[in-house]
Amino acid sequence: MSVIELGSLAGAMITVITLISKMIRLITSIQNLINRLDTMQTELEANKHGLSDLTQRVNNHDMKLHTLEMEQISLSNQVKELTSYAFN
């Protein structure tokens, strides 16, 4: 083999090695991205469960508030009736 052929072969080997190392970095980056996406999905599921609990609590408070409003209206009407009865 001549020096030119050896140089060409060495250049080709360096190119292949560089390409392989870049492919390895790309695969590693993709794997890291998949891991982050998995973590995000886990967090979203936990937040979804927490949101469900929060929604249920808000609904319970809304029902209690509605009950209090109805009782306030009833008491207001009773006070009006008693006031009109007392001053008539």
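For clarity, every value in this text was computed on a predicted model and none was experimentally measured.
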Between the CG atom in N77 and the CD atom in Q72, the distance rounded to the nearest 0.5 Å is 9.0 Å

The reported gap from CD in Q78 to CD in E71 (rounded to nearest 0.5 angstrom) is 10.5 Å

**Q.** Joint cluster assignment, L26 & I34, ILVMFWY side-chain distance < 4.5 Å
**A.** yes

dist K22:NZ -> L19:CG (nearest 0.5 Å) comes out at 8.0 Å

So CD1 of I27 and OG of S29: to nearest 0.5 Å the spacing works out to 10.0 Å

Between the CG atom in D62 and the OG1 atom in T55, the distance rounded to the nearest 0.5 Å is 12.0 Å

| Counting only N and O atoms by type, is there a donor-acceptor contact under 3.5 Å from the side chain of T18 to the main-chain atoms of I14? | yes

Separation between CG (L44) and OG1 (T39), nearest 0.5 Å, reads 11.0 Å

Whether the side chain of E5 engages the backbone of S2 through a donor-acceptor N/O pair (distance < 3.5 Å, no angle test) should be reported.
yes

* Hey, mind stepping through T28 and R25 against side-chain contact (heavy atoms from CB on, under 4.5 Å) and telling me if it holds? -> CA-CA 5 Å; T28 303; R25 275 190 263 142; 5.6 Å; no

Self-check item: Side-chain donor or acceptor of S74 paired with backbone N/O of M70 under 3.5 Å
Solution: no

Tested for side chain to side chain contact (heavy atoms under 4.5 Å, CB included) against L65, the lone hit among E69, M63, H61 is E69

Query raised in the report: Is there side-chain contact between V16 and M13, with heavy atoms separated by less than 4.5 Å?
Result: no

